[in-house]
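Following this message is one structure expressed as structure tokens.
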Number of protein chains: 2
Amino acid sequence: MSRLNLTTQRKTILDLIQSCEDHPTAAEIMERLRTNGHQFAYGTVYNSLRYLTDAGLIRELKLGETACRYDGRTEDHYHIVCKKCGRVDEVLSAPPAEWIREVAAKTNYDVHHSQVVFEGVCNSCKHPNA
Amino acid sequence: MSRLNLTTQRKTILDLIQSCEDHPTAAEIMERLRTNGHQFAYGTVYNSLRYLTDAGLIRELKLGETACRYDGRTEDHYHIVCKKCGRVDEVLSAPPAEWIREVAAKTNYDVHHSQVVFEGVCNSCKHPNA
DNA sequence: ATAGTATTTAGACTTAGTATAAATTTAATT
DNA sequence: AATTAAATTTATACTAAGTCTAAATACTAT
Ligand SMILES: [Mn+2]
Ligand SMILES: [Mn+2]
Ligand SMILES: [Zn+2]
Ligand SMILES: [Zn+2]
């Protein structure tokens, strides 16, 4: 609960994540930083990603791959991954509250959060000749 | 698509997973094997887990932790993780088909599968003095 | 029995991330 | 402004989880 401290490194990484259309991994972020002429220490990138995540400025996504991805959209939303090409798209419709209530009732948990990852085949992969 | 080949190692591991009430990680499985007097090579445990998963005899769960967990229940179901104590419980109610249809329509994906992990506080952790 | 295929084993290797300690930067105090 | 203290970055070592490889065993089919 301390006030926000955006160092140059953190700000650069935040800008990068907010301005990209996809959901890059830490490795991809480092690669893009290098491309943009920045050279931050390996650990600094990880530290910054954690800091920004804890501060709520970005989201850390665990999509079942080996590496986490990062997301500049902080509003609650979900993701769908294409089995064929690996692309990750946004899912903006939330699970019905009724279902969450049912789960809470049946499991006796206070449900705080749900992480949903859909898997399927994206539009381009459905129509390979287009 | 070859016929099932359950070696001693694979059978032992399958039995272990099917007979336990929880969702052990590979490391926990190795530990329990050792406790039961078995000593399989490290790689064999991983190979067997993959084999059994591919054969559909067990399920591999990615709950957002560092290690995968394994599940002897092969029917479609989901999981809820307690933030406080880490326990993993079964969620047997499926997401409403209507919601899945909506996601498919909005994203233009063929949705094959959805992975859902709830997070919350379990009953015992809600009532610490009991 | 022999040859061919599949599996296990031991151990090297990879990937993604954490931990540590020194160097640097930033902020606070005199 | 100079000094001290706190926070951050850097380089590098280390860890955890899992894959890969090549030799040794075991199983299958002739
Ligand atoms: Mn997103
Ligand atoms: Mn289960
Ligand atoms: Zn695709
Ligand atoms: Zn609990």
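Chain letters run A, B, ... following the sequence lines, proteins first, then strands; residues in each count from 1. Model, not experiment: these values are computed from the prediction.
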Check your understanding: For B/Leu4 and C/dA6, what is the distance between atoms CG and C1' respectively, to the nearest whole Å?
Key -> 14 Å
Check your understanding: Quick one: A/Leu6 CG to C/dA27 P, roughly how many Å, whole number?
Key -> 12 Å
Point to revise | First encountered from the 5' end of DNA chain D, between B/Ala67 and B/Asn5 | key: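 In this pair, the answer is B/Ala67.
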Review point. Partners of B/Arg34 by side chain to side chain donor-acceptor pair (under 3.5 Å), sequence neighbours excluded?
Key: none
**Study point:** Carboxylate-amine/guanidinium contact A/Asp22 A/Arg32, below 4.0 Å
**Key:** yes
Check your understanding: Given side chains that start at C-beta, do those of B/Asp71 and B/Ile17 come closer than 4.5 Å, heavy atoms only?
Key ->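 The answer is no, as the side chains (C-beta and beyond) never meet within the 4.5 Å cut-off.
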Point to revise | Nearest-Å distance for atom pair CD/P, residues A/Gln9 and C/dT25 | key: 10 Å
Point to revise | For A/Arg59, all residues meeting salt bridge (charged side-chain N to carboxylate O under 4.0 Å, His left out), sequence neighbours excluded | key: A/Asp76
**Study point:** Contact interval (first through last nucleotide) of DNA chain D with protein chain B, 4.0 Å heavy-atom
**Key:**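 The contacted stretch runs from D/dA17 to D/dT19.
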Exercise for review: Mind running a 4.0 Å heavy-atom check of residues 39-48 of chain A against DNA chain C and sending the residues that fall below it, in number order?
Suggested key: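 DNA chain C contact set from residues 39-48 of chain A: A/Tyr42, A/Tyr46.
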Point to revise | Pairs involving residues 36-50 of chain A, ordered by first then second residue, that meet salt bridge (Lys or Arg N to Asp or Glu O under 4.0 Å) (sequence neighbours left out) | key: none
Point to revise | Residues A/Asp89 and B/Tyr109: side-chain donor-acceptor under 3.5 angstrom | key: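 Present: a donor and an acceptor within the cut-off.
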**Study point:** Those residues that, when tested against B/Glu31, pass side chain to side chain donor-acceptor pair (under 3.5 Å) (two or more places apart)
**Key:**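 In terms of side chain to side chain donor-acceptor pair (under 3.5 Å), with neighbours along the sequence ignored, B/Glu31 is linked to no residue.
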Check your understanding: Any side-chain donor-acceptor pair under 3.5 Å between A/Glu90 and A/His77?
Key ->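 There is such a pair between these side chains.
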Exercise for review: Take the protein atom CE of B/Met30 and the nucleotide atom P of C/dT9, then report the distance between them rounded to whole Å.
Suggested key: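 After rounding, the reported distance stands at 13 Å.
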Point to revise | Phosphate-side-chain proximity, A/Thr66 and C/dA16, N/O vs OP1/OP2 below 4.0 Å | key: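 For A/Thr66, the contact criterion (side-chain N or O under 4.0 Å from OP1 or OP2 of C/dA16) is met.
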